[in-house]
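This report refers to the structure that appears directly beneath it.
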Amino acid sequence: MLDPKLVRSEPQTIAAALAVKGFTLDVDKLNEWEASRKELQDKAQSLQAERNAYAKSMGKAIGEAKAKGEDIEPLKAKGEALKLACSEAETALASVQQQLDAYLSGVPNTPDPVVPQGATEDDNVEIRRWGEPREFDFDVKDHVDLGASLGLLDFETATKITGSRFAVMKGEIARLHRALIQFMLNTHTGEHGYQEINVPYVVNSDSLYGTGQLPKFEEDLFKLTDDRDFYLIPTAEVPVTNVFRDEIIDAAQLPVKFACHTPCFRSEAGSYGKDTRGMIRQHQFEKVELVQFVRPEESTETLEQLTGHAEAILQKLGLPYRTIILCGGDLGFSSARTYDIEVWLPSQQLYREISSCSNFRDFQARRLKARWRNPETGKPELLHTLNGSGLAVGRALLAVMENYQQADGSIAIPEVLQPYMGGQTAIG
RNA sequence: GGAGGGGUGGCUGAGUGGUCGAAAGCACCGGUCUUGAAAACCGGCGUAUCGAGAGGUACCCAGGGUUCGAAUCCCUGCCCCUCCGCCA
């Protein structure tokens, strides 16, 4: 959520920033609600003050009236009338406040000034490229064909077990998948200073509200039919960022850096017919996620570091990639700035997203009430939150398969993964 | 699944109808003392929101209710703890 004070005091500035994201802030409506909120709040509060003062004086007044043998009913009646007027004003205020909150919680984060203008992913801007796509002297296969001919990757069986957009991995492919997870976690904890964390894969709606998936994006989620308001996580970002919901943490603890491996579940509603082949887009996939909580003044620099941590994995794996900055129109709801890292897929002759690294500034923290105590002011202040995939494991697996395929259909194992594969150098 | 006990400020923990936004301790901040530090002593110290300010209002897990008046009484929900049973 944006700072309501800022929206109130500088609606035009905020509206202009949101326009980059393709969002139209309804300034007139906001002003109208705000005016009536102010009026009603003033009214409700003065009635409350009157009611409180009256109630306070009642104890004595009742005692005195009784001592004199007077009727105390008129005294009570006045209190009753005050109570009624008060609760009417409170109800009216609550309803305007609710409208305001509902509207504001649907307003996306403002983009950083450096975010390029643009409506779609075509307007994203490449900022760097690493590695040279390999030249093949044979016809390249995609990971589906490679996996099928090895007999270790099977989409048909997964469809039977569940339905479309699931996969079954076996043998060395399953192990390679696990090796990637181990390698990523070990690198981030051992070299990049992250603490490993393991969290629930089922979360409540408060957590989803905190990171911004709710209320706007419920259709992207798998909801449990249980009446407890539980959802499967779409990303580790949700449980891990909510670690500090409603917390005030010590300045000495900052920055907090978590690396977390989880499965992720996405309904992919609205992506029918898109990436239907293979494991690019699945209802269930695994990811190693990096999450950081930092002091506000550090978050811009932290995003650069965090993106570097994700890129380091691709470099160690020897996979060519490019890094782009998302334009306003492609930027996520909660994000102020996002870098996508795209890995080279020889079968598609394209770079495809394998990581998305974002700075949310205080947008999530405000919803989460995730704060730190600033020693300079002695006051609790909002943290900045960031996260990025480091990396999406399924996509990393297929990138390794395709980039390291050999003429005979076997797959060479990148050197850094060999220790996790019992020293094996190739599959098949 | 059965039986009990709880949820109060950054933390611990008093408080069972008005004098309570809430004792006390710890932590923290400022000061006195000290060569310095510690100790001791003095003072300050919840969050949010409205207001230029004085100040107001809300908040004692959440949501309802009783009452002129609720942290305190009643109902519902959520969460935690202890014991028994079952169990990866």
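Chain letters run A, B, ... following the sequence lines, proteins first and then strands; every chain starts at 1.
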Which part of the nucleic acid, if any, lies within reach of A:Lys5 when heavy atoms closer than 4.0 Å are counted: base, sugar-phosphate only, or nothing? sugar-phosphate

Have a look at A:Lys379 and say if it touches a base, only the backbone sugar-phosphate, or nothing, with a 4.0 Å heavy-atom cut-off. sugar-phosphate

Please lay out, stage by stage, how A:Ile324 and A:Leu326 fare under the test side chain to side chain contact (heavy atoms under 4.5 Å, CB included). CA-CA 6 Å; A:Ile324 60 177; A:Leu326 297 193; 4.2 Å; yes

Between B:C11 atom P and A:Ile249 atom CD1, what is the distance in whole Å? 14 Å

Do A:Gln305 and A:Gln292 pass the side-chain hydrogen bond (donor to acceptor under 3.5 Å, both in side chains) test, and can you show the C-alpha distance, the side-chain angles, and the key distance before you say yes or no? CA-CA 11 Å; A:Gln305 292 167 2; A:Gln292 291 205 39; 5.1 Å; no

Rounded distance in Å - CG (A:Asp250) to P (B:C28): 10 Å

Heavy atoms under 4.0 Å, any strand shown: does A:Lys78 hit a base, just sugar-phosphate, or nothing? nothing

Atom pair distance, as rounded to whole Å: CD in A:Glu90 and P in B:G65: 11 Å

Rounded to whole angstrom units, what separation is found between the CD atom of A:Gln41 and the P atom of B:C59? 13 Å

Whole-Å distance, A:Arg245 CZ to B:C79 C1', equals 12 Å

Distance check, P atoms only: B:C61 and B:G7, in whole angstrom units. 8 Å

Counting any heavy atom closer than 4.0 Å, what does A:Asp42 reach on the DNA or RNA strands: base, sugar-phosphate only, or nothing? nothing

A:Arg245: which residues meet the salt bridge (charged side-chain N to carboxylate O under 4.0 Å, His left out) condition with it, sequence neighbours left out? none

Minimum-distance nucleotide to A:Arg373 side chain [options: B:G69, B:U47, B:A58]: B:U47

For atom NZ of A:Lys38 and atom C1' of B:U49, their distance in whole Å: 12 Å

Taking the C1' atom in each of B:C60 and B:G55, what is the distance between them to the nearest angstrom? 24 Å

Students often get this wrong, so: under 4.0 angstrom with heavy atoms, is A:Pro375 touching a base, only sugar-phosphate, or nothing? nothing

Rounding to a whole Å, what distance do you find between A:Ile248:CD1 and B:G46:C1'? 9 Å

Between B:C68, B:G56, B:A58, which nucleotide has the shortest distance from any of its atoms to the side chain of A:Lys76? B:C68

Classify the angle between the aromatic ring planes of A:Phe166 and A:His283 as parallel (below 30°), tilted (30 to 60°) or perpendicular (above 60°). tilted

Within less than 4.0 Å of OP1 or OP2 of B:G69, is there a side-chain N or O belonging to A:Lys83? yes

If you check every side-chain atom of A:Ala55, which of B:G69, B:A58, B:C50 has the closest atom? B:G69

Taking only the side-chain nitrogens and oxygens of A:Arg371, find out if one of them lies under 4.0 Å from OP1 or OP2 of B:A48. yes

Given the ring of A:Phe285, does A:Arg395 sit roughly above its face, with NZ or CZ under 6.0 Å from the centre of the six-membered ring and within 45° of the axis? no

Nucleotide nearest A:Pro380 when distance is taken to its side chain, options B:U57, B:G56, B:U47: B:U47

d(CZ, A:Arg51; P, B:G56) in whole Å: 15 Å

